[in-house]
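Everything below concerns the one structure shown next.
FYI, the numbering just counts along the sequence from 1.
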Amino acid sequence: MYVFPAPAQPSVAIRGSALRFPVHRIHCVGRNYAEHAKEMGSVAGLENPTFFSKPADAVVADGVDVPYPPGTTNLHFEVELVLALSGGGSGIAPERALDHVYGYAVGLDLTRRDLQAAAKARGGPWDTAKGFDHSAPISAIAPASEVGHPAHGLLWLEVNGQRRQQADIGEMIFGVRECIAELSKWYALAPGDLIYTGTPAGVGPLQRGDRFVAGFADIARLEGRIACAQARGVMTRRSRAERAPKGSGL
């Protein structure tokens, strides 16, 4: 019994199936392509990968409009290979990591870049920059039982018909096995976890009305549009001022 109705279980479509993948947690890997690390002014090839997270209900399905988030004027796209886990545990050995992968998808790690820059400048956390509502668009998941475990394949993103990002996943600093093994040192991974594995160079802004198409090899494809209306939620300082009566001091 709950004091109010429990929220719906976030889930992702599975390619060619009526079944759905229930999302437990979303883990993200930062600075996992050398050229992207350079364009962000960071050091690539670190001894350990950088991890952060998003809420499970940040997922947005293929073909669904993404609301422009509040509190930012610099929303950025980051296309990524996504791992969907059907197993888990702690201290997973790299050679056993693929045993826990249910399948693969392509996703966007949407980022409020202005908030991230401000957080970096003061040495603060990235939560508001990365873990906001609707920040994890994702394609249908292609089961590994059908597509295998690709070590190579083109990851790409187009915005309004123009190619903005592309790289082979073989360019990742930490590959699929290493991402899972490293994450399992810090978290007990579980069935339903998604791992966004990092983005290549070429990240940039999205505007209201922009349409995006992302893909990974012939395995996954994601399409969407940034909605013209701002997402409902906490108003920005500017929007509060616009709505405030004259003389309110806001």
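- Grouped with Leu154 in one hydrophobic cluster are Trp156, Val213, the linkage being side-chain heavy-atom contacts under 4.5 Å among Ile, Leu, Val, Met, Phe, Trp and Tyr residues.
- Hydrophobic cluster membership of Val3, counting Ile, Leu, Val, Met, Phe, Trp and Tyr whose side-chain heavy atoms lie under 4.5 Å apart directly or via other members: Phe4.
- Remark: Asp193 pairs with Arg25 by the salt bridge (Lys or Arg N to Asp or Glu O under 4.0 Å) rule, at least two apart or across chains.
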Stepwise side-chain contact (heavy atoms from CB on, under 4.5 Å) check, Arg113 with Leu115: CA-CA 5 Å; Arg113 191 69 75 199; Leu115 301 190; over 6 Å; no
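- A single hydrophobic cluster is not seen to contain both Val60 and Phe21; linkage of ILVMFWY side chains at heavy-atom distances under 4.5 Å, directly or through other members, places them apart.
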Glu182 vs Arg177, salt bridge (Lys or Arg N to Asp or Glu O under 4.0 Å): CA-CA, chis, key distance, verdict: CA-CA 9 Å; Glu182 287 294 325; Arg177 290 181 175 86; over 6 Å; no
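- Between the OG1 atom of Thr197 and the CG atom of Leu155 there is a distance of 7.5 Å, given to the nearest 0.5 Å.
- Under a hydrophobic clustering in which Ile, Leu, Val, Met, Phe, Trp and Tyr are joined whenever their side-chain heavy atoms come within less than 4.5 Å, directly or via other members, Phe77 and Ile226 fall into the same cluster.
- No donor-acceptor distance shorter than 3.5 angstrom exists from the side chain of Asp65 to the backbone of Ala227, with no hydrogens or angles considered.
- Remark: Phe216 engages no residue in a ring-ring contact (aromatic ring centres under 6.0 Å, His included) (not counting sequence neighbours).
- Criterion: ILVMFWY side-chain heavy atoms under 4.5 Å apart, direct or through other members. Under it, Phe212 and Leu75 are part of a common hydrophobic cluster.
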side-chain contact (heavy atoms from CB on, under 4.5 Å) between Asp62 and Glu223, worked out: CA-CA 6 Å; Asp62 177 42; Glu223 297 187 29; 3.8 Å; yes
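- Atom CZ of residue Arg96 and atom OG of residue Ser184 lie 12.5 Å apart, to the nearest 0.5 angstrom.
- When all heavy atoms of Ala140 and Ala220 are compared, the pair lying nearest together is O-CB, 4.5 Å.
- Residues Ala136 and Ile26 come closest through the heavy atom pair CB-CD1, 4.1 Å.
- Note that CD1 of Ile173 and SG of Cys179 are 10.0 Å apart. Values are rounded to the nearest 0.5 Å.
- The hydrophobic clustering, which links ILVMFWY residues whose side-chain heavy atoms are closer than 4.5 Å, places Tyr104 and Leu85 together.
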Audit row: Arg164, Glu78, salt bridge (Lys or Arg N to Asp or Glu O under 4.0 Å) steps and yes/no: CA-CA 10 Å; Arg164 303 298 297 274; Glu78 298 187 11; over 6 Å; no
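- The minimum heavy-atom distance linking Pro10 with Val59 is given by the pair CB-CG2, 4.4 Å.
- What you find for Ala93 and Ala181 is that their closest heavy atoms are C-CB, 4.5 Å.
- The shortest heavy-atom contact between Met172 and Leu81 is CE-CD2, 4.4 Å.
- In Gln162, the CD atom is not crowded: 12 or fewer heavy atoms of neighbouring residues, nucleotides or ligands sit closer than 6.0 Å.
- Counting heavy atoms from C-beta on, the side chains of Ile92 and His100 come closer than 4.5 Å.
- Stacking of Arg112 on the aromatic ring of Phe132 is recorded, both the 6.0 Å distance cut-off and the 45° axial limit being met.
- Remark: the Thr50 side chain and the Arg31 side chain contain an N/O donor-acceptor pair separated by less than 3.5 Å.
- In this structure, Arg163 places its CZ atom where more than 12 heavy-atom neighbours from other residues, nucleotides or ligands lie under 6.0 Å away.
- One side chain, Thr72 or Asp114, offers a donor N or O that lies under 3.5 Å from an acceptor on the other.
- Following chains of ILVMFWY side-chain contacts shorter than 4.5 Å, one cannot reach Val106 starting from Val82, and the two form parts of different hydrophobic clusters.
- A heavy-atom distance below 4.5 Å is found between the side chains of Val203 and Gln165.
- A distance-only check finds a donor-acceptor pair linking the side chain of Asp210 to the backbone of Gln207 [under 3.5 Å].
- Residue pairs meeting the side-chain hydrogen bond (donor to acceptor under 3.5 Å, both in side chains) criterion with at least one partner in residues 3-15, sequence neighbours excluded, are Ser11-Arg20.
- You'll find the side chain of Ser135 reaches within 4.5 Å of the side chain of Lys54, heavy atoms only.
- A distance of 6.0 Å separates OG1 in Thr111 from CD in Gln116, rounded to the nearest 0.5 Å.
- Tyr187 meets the ring-ring contact (aromatic ring centres under 6.0 Å, His included) test with His27; sequence neighbours excluded.
- Note: Leu194 CG to Leu83 CG = 9.0 Å, rounded to the nearest 0.5 Å.
- What you find for Ile138 and Tyr196 is that their closest heavy atoms are CB-OH, 3.6 Å.
- Considering CG of Asp109 and CD of Glu80, their distance stands at 4.5 Å, rounded to 0.5 Å.
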